[in-house]
J.: 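One structure, pasted below without further comment.
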Amino acid sequence: MKKKNGKLLTSTLTTAITAAGLSLMPVQSAMADKIALVVSTLNNPFFVSLQQGAKDKAEELGHELIVLDSGDDAARELSNVEDALSRGVDLLLINPTDSDAVVSSVRTANGRNVPVVTLDRSANGGRVAAHVASDNVAGGELAGNFIAEKLAGKGEIVQLEGVAGASATRDRGEGFMKAIEGQSGLSLVATQPANFNRTQGLNVMENLLQAHPGVNAVFAQNDEMALGAQRALQAAGKDILLVGFDGTDEGIKAVQAGKMDATVAQQPALIGSLGVDTADKLLKDEDVEKTISVPLKLITE
């Protein structure tokens, strides 16, 4: 990756200053690499943890990190990217609101020769240097297999989906369906979006219980929706199998308290940390893997 003219000039000045025996610390501090993190929303504990992991790693490595919240709005996301680029960032980390809509943002950065690394959700176009995420397909399959086992291969299931168009929504759903399809005794009676939102999870679950009073299990594609669904189930006096995804602190506490049966735990802070670590390598012209996987596991107690 070609360095900016200003940084080449700094390199020349650095050589001269070193030869003169002067301190380099003020110059290094002033020319720290600037990384932007454009996050889909900070109104979700998962992405707050992702942000914190990125901040901690940036501080450790000596990079300046600018964080911009898109509020789950693709238009605002593009505006945030344009703002970051106008501020002269050296690399863009982006957690997309939508895998299709983010293509405009990626291409805008491409046009400015600013490398892009996607976090948690992928982009369906543009040049992306690396993608850091858990294997959401495998995670969905973990959830589906757990439900199938607990129901002994027989029962009615509903699924609460995330934001339409987000790769996490697509991949978690794909893995879940892979696990339950072909099991003749299992029936997915409804699958509806609740947009990774707790309040919407509550409202959608209330409606689904009215339409499908005999449901035996719920798979929510994130813990926020699962926690909303749990409130609806509790209010309706229903004690049925409930599985979430992400492994947020509140989601894990709900599992430990017996309010949820399981959650597929990601490591959002590690996703953020690995994102900045990948950025650091790219800024040093080091090779990185195109896809960087973050381990996950099923938490049941």
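Numbers here simply count residues along the sequence, with the first being 1.
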J.: Check salt bridge (Lys or Arg N to Asp or Glu O under 4.0 Å) between Asp280 and all other residues, then give those that pass, not counting sequence neighbours.
T.: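 Applying salt bridge (Lys or Arg N to Asp or Glu O under 4.0 Å) to Asp280 gives Lys284.
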J.: Side chains of Gln159 and Gln221: is there a donor and an acceptor less than 3.5 Å apart?
T.: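 There is such a pair (donor and acceptor under 3.5 Å, judged by atom type) between the side chains of Gln159 and Gln221.
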J.: Between Ser40 and Asn95, is any side-chain donor less than 3.5 angstrom from a side-chain acceptor?
T.: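 Yes, side-chain donor-acceptor contact under 3.5 Å.
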J.: Kindly state each residue pair satisfying ring pair (Phe, Tyr, Trp, His ring centres under 6.0 Å) with at least one member in residues 101-120, sequence neighbours excluded.
T.: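 Checked against ring pair (Phe, Tyr, Trp, His ring centres under 6.0 Å) - neighbours excluded - no pair reaches residues 101-120.
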J.: Quick test of your reading: applying ring pair (Phe, Tyr, Trp, His ring centres under 6.0 Å), list the pairs with at least one residue in residues 134-185, sequence neighbours left out, ordered by first then second residue.
T.: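 Residue pairs passing ring pair (Phe, Tyr, Trp, His ring centres under 6.0 Å), neighbours aside: Phe176-Phe219.
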J.: Checking Leu186 now: which residues fulfil side-chain contact (heavy atoms from CB on, under 4.5 Å) with it, not counting sequence neighbours?
T.: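 With sequence neighbours excluded, Leu186 shows a side-chain contact (heavy atoms from CB on, under 4.5 Å) to Ala148, Leu151, Ile157, Ile180, Gln183, given in chain and number order.
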J.: Is the CD atom of Glu82 crowded by more than 12 outside heavy atoms at less than 6.0 Å?
T.: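 More than 12 heavy atoms, drawn from other residues, nucleotides or ligands, come within 6.0 Å of this atom.
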J.: Taking atom types as modelled, is there a side-chain donor on Ser122 or His131 under 3.5 Å from an acceptor on the other?
T.: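 No pair is found: no donor N or O on one side chain lies under 3.5 Å from an acceptor on the other.
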J.: Under the side-chain contact (heavy atoms from CB on, under 4.5 Å) test, which residues partner Ser134, sequence neighbours left out?
T.: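 Partners of Ser134 by the side-chain contact (heavy atoms from CB on, under 4.5 Å) criterion, ordered by chain and then number, come out as Gln266, Ile271, Val294, Leu296.
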J.: Side-chain heavy atoms under 4.5 angstrom apart, residues restricted to Ile, Leu, Val, Met, Phe, Trp, Tyr: same cluster for Leu78 and Val102?
T.: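 No, no single cluster joins them.
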J.: Got a sec, which residues hit side chain to side chain donor-acceptor pair (under 3.5 Å) with Gln52, two or more places apart in sequence or on another chain?
T.: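 Gln52 satisfies side chain to side chain donor-acceptor pair (under 3.5 Å) with Asp56 once adjacent residues are dropped.
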J.: Kindly state each residue pair satisfying ring pair (Phe, Tyr, Trp, His ring centres under 6.0 Å) with at least one member in residues 241-267, sequence neighbours excluded.
T.: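 Passing the test, one end in residues 241-267: no pairs.
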J.: Can you tell which of Leu85, Val103, Val114, Val116 makes a side chain to side chain contact (heavy atoms under 4.5 Å, CB included) with Thr108?
T.: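 Result: among Leu85, Val103, Val114, Val116, Leu85 is the only option passing the side chain to side chain contact (heavy atoms under 4.5 Å, CB included) with Thr108.
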J.: Would you please test Leu209 and Val158 for side chain to side chain contact (heavy atoms under 4.5 Å, CB included) and show each step?
T.: CA-CA 9 Å; Leu209 286 174; Val158 299; over 6 Å; no
J.: Please collect all salt bridge (Lys or Arg N to Asp or Glu O under 4.0 Å) contacts where either partner lies in residues 245-271, sequence neighbours excluded, each pair once.
T.: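 Qualifying pairs: Arg172-Asp246, Arg198-Glu250.
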J.: Among residues at least two apart in sequence or on other chains, which ones pass salt bridge (Lys or Arg N to Asp or Glu O under 4.0 Å) with Lys281?
T.: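 Partners of Lys281 under the salt bridge (Lys or Arg N to Asp or Glu O under 4.0 Å) test: Asp277.
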J.: Distance-only, no hydrogens or angles: does the Asn110 side chain make a donor-acceptor pair with backbone N or O of Arg127 under 3.5 Å?
T.: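 Yes; judged by distance alone, with no hydrogens or angles, the pair exists.
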J.: State which residues pass side chain to side chain donor-acceptor pair (under 3.5 Å) with Asp100; sequence neighbours excluded, sorted by chain then number.
T.: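 Expected list: Asn124.
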J.: Is the shortest side-chain heavy-atom distance between Asp69 and Gln51 below 4.5 Å?
T.: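 With C-beta onward as the side chain, the pair stays apart.
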J.: Assess whether atom CD of Glu301 is packed by more than 12 heavy atoms of other residues, nucleotides or ligands within 6.0 Å.
T.: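 No, CD of Glu301 has 12 or fewer neighbouring heavy atoms, counting only those of other groups under 6.0 Å.
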J.: Looking at residues at least two apart in the chain, or sitting in another chain, which of them share a side chain to side chain donor-acceptor pair (under 3.5 Å) with Arg112?
T.: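 With neighbours one apart ignored, the set is empty.
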J.: Check side chain to side chain donor-acceptor pair (under 3.5 Å) between Thr248 and all other residues, then give those that pass, not counting sequence neighbours.
T.: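 Testing Thr248 for side chain to side chain donor-acceptor pair (under 3.5 Å), a comparison that skips the adjacent residues, returns Asp223.
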